[in-house]
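Order of listing sets the numbers, starting from 1, for every ligand and every atom in it.
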Amino acid sequence: MTRITLTATAVAVLLAGCAAGGPDPKAMEEKFAQLKQTNFKPRGIATMDRLKQDEAQKLCSNPDAWSGKEFEAARKKVEEINLASVKWPSDGKFLGDWKQGEAIAQSGRGLTYTDTAQTVNGGNCYNCHQIDKKEISHGTIGPSLWNYGKLRGVTDPNSAAAEPIVRYTWGKIWNAKAYNACSNMPRAGHMGILNEQQVKHIMALLLDPASPVNQ
Ligand code: HEC
C-alpha cells in the first residue's frame, strides 16, 4: 500500500517537473543561434556569412522539427530547388582531362581561414570516396567510385546512350543535394568550391574510358 502511494507521488512529481521546468525547444534554438553569433569569430576568408543556412541546411540540421509528411514534402522541394540551380557546361562539353581531375580529386586545399581568395580549391573527393585504386588513403563516407564509368557501361561518354549517366554525374558533383536533399557530399559547383573547368576534369576521371579509374 505504502509502495503504491510512493510510486504515484513520484510520477506526479515527475510530470509536474516536465510541465514546469522542461526546456522549450524553440527557446533553446534561439539561444543556440545567439551562441553561434557570439562564439564564432570571422577569420580571414572564413567570415560569419558561413553560419547562414539555406533551405537544405535548415531542413537537414533539424529533421526532428518536422513531422514525417512535412519532412518528405520539404525534402522534395529542396531537391527541386537544388536541381534547378545546377549550371550545365556552357559549351555542352562535359569531360575534360582525367589527369588534372585526379589532382583536383586529391587536393583538399582551399576555403580555410589560412587560405586566401586566390587559393585554388581542391575537390577533396578522396576524403570520402575510393576513386583510383592506386590511392590507398581514402575515406569511406561515400560509395567507392572505382570503375565508375565502366560499371555503368560508359564506352563513349559522348554517345546518346551515355547521356543520362553523364548528366546525372555532372549534376551530382555540381550540387549533390539535387538528388538527395540531406546528402553529406559538399556541393562543389553550387557553393563555388570548384569551377566549371575543374568539374570537367573530375568528370573525365570518373567517366573517360582512358582514365585509370575505368581500367
Ligand atoms: C564529405 C564526404 C564527401 C565528399 C568530400 C565527396 N563526396 Fe561524393 N558522395 C558522398 C556521399 C555520402 C555519397 C552518397 C550519398 C549521396 O549523396 O547520395 C556521395 C555520392 C557521390 C556520387 C554518386 C555515386 C552514385 O553511384 O550515384 C558521385 C558521382 C560522387 N559522390 C562524386 C564525388 C566527387 C567527384 C567528389 C569530389 C569533388 C565527391 N564526391 C566528394 C560523400 C562525399
Side-chain angles (χ1 to χ4, degrees), residues 46 50 53-57 59-61 63 71-72 74-83 85-89 93-112 115 119-154 157 161-214:
R50 293 197 181 178
Q53 295 189 316
D54 70 6
E55 62 290 320
Q57 291 159 333
L59 176 74
C60 304
S61 299
F71 183 82
E72 269 315 293
R75 187 183 63 78
K76 264 203 157 145
K77 186 103 204 275
V78 161
E79 287 170 6
E80 276 165 25
I81 293 170
N82 280 276
L83 185 59
S85 79
V86 172
K87 261 185 70 195
W88 303 96
K93 293 205 179 80
F94 284 86
L95 265 64
D97 164 24
W98 64 259
K99 281 194 191 112
Q100 293 184 61
E102 169 66 16
I104 296 162
Q106 287 274 359
S107 169
R109 281 250 56 88
L111 298 167
T112 74
D115 291 304
T119 307
V120 177
N121 300 333
N124 210 12
C125 315
Y126 278 99
N127 219 24
C128 296
H129 294 282
Q130 177 183 52
I131 310 179
D132 186 348
K133 273 215 167 143
K134 271 190 244 102
E135 177 54 86
I136 56 166
S137 169
H138 62 80
T140 53
I141 293 174
S144 172
L145 302 174
W146 167 247
N147 273 180
Y148 183 85
K150 195 177 176 182
L151 284 173
R152 288 160 183 76
V154 178
E163 198 186 325
I165 190 67
V166 168
R167 287 184 74 85
Y168 160 73
T169 308
W170 180 279
K172 185 74 191 173
I173 298 171
W174 194 273
N175 187 339
K177 291 181 186 293
Y179 305 95
N180 174 2
C182 296
S183 173
N184 285 329
M185 176 166 151
R187 293 172 281 182
H190 185 72
M191 300 305 263
I193 302 168
L194 301 179
N195 61 34
E196 186 181 289
Q197 198 53 49
Q198 289 176 304
V199 174
K200 287 184 181 193
H201 294 326
I202 290 193
M203 286 286 288
L205 179 68
L206 298 185
L207 289 163
D208 190 334
S211 159
V213 168
N214 293 317

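- A salt bridge links Asp54 with Arg187: the closest approach of a Lys/Arg side-chain nitrogen to an acidic carboxylate oxygen falls below 4.0 angstrom.
- A heavy-atom separation below 4.0 Å is not found between Tyr179 and ligand 1.
- Here Asn127 has no heavy atoms under 4.0 Å from ligand 1, in either its backbone or its side chain.
- With Asn214 contributing its side chain and Asp208 its backbone, the two residues share a donor-acceptor pair below 3.5 Å.
- Contact annotation for Lys177 and ligand 1: no heavy atom of the residue comes within less than 4.0 Å of the ligand.
- The set of protein atoms (N, O or S) found at less than 2.8 Å from atom 8 (Fe) of ligand 1 reads His129 NE2, Met185 SD, by chain and number.
- Using a 4.5 Å heavy-atom cutoff, the side chains of Ser211 and Leu206 are not in contact.
- Within the structure, the closest approach of Pro186 to ligand 1 falls below 4.0 Å when heavy atoms are considered.
- When only non-hydrogen protein atoms are considered, atom 26 (O) of ligand 1 lies nearest to Arg152 NH2, 2.8 Å.
- Looking only at protein heavy atoms, the nearest one to atom 35 (C) of ligand 1 is Ile202 CG2, 3.4 Å.
- Atom numbering of ligand 1 starts at 1 in the shown order; those under 4.0 Å from a heavy atom of Asn184 are 1 (C).
- Using a 4.0 Å cut-off between charged nitrogen and carboxylate oxygen, Asp97 and Lys99 do not count as a salt-bridge pair.
- For atom 12 (C) of ligand 1, the closest non-hydrogen atom of the protein is Ile141 O, 3.5 Å.
- Within ligand 1, counting atoms from 1 as listed, the ones closer than 4.0 Å to a heavy atom of Asn124 are 5 (C).
- Taking CD of Glu102 as the reference point, atom CD of Glu135 lies at 7.0 Å (rounded to 0.5 Å).
- Applying the salt bridge (Lys or Arg N to Asp or Glu O under 4.0 Å) test to pairs two or more places apart or on separate chains, none has a residue in residues 137-149.
- Using a 4.0 Å cut-off between a side-chain N of Lys or Arg and a carboxylate O of Asp or Glu, Glu79 and Arg75 qualify as a salt bridge.
- The protein heavy-atom contact nearest to atom 15 (C) of ligand 1 is Asn180 ND2, 3.9 Å.
- Closest to atom 23 (C) of ligand 1 among all protein heavy atoms lies Tyr168 OH, 3.4 Å.
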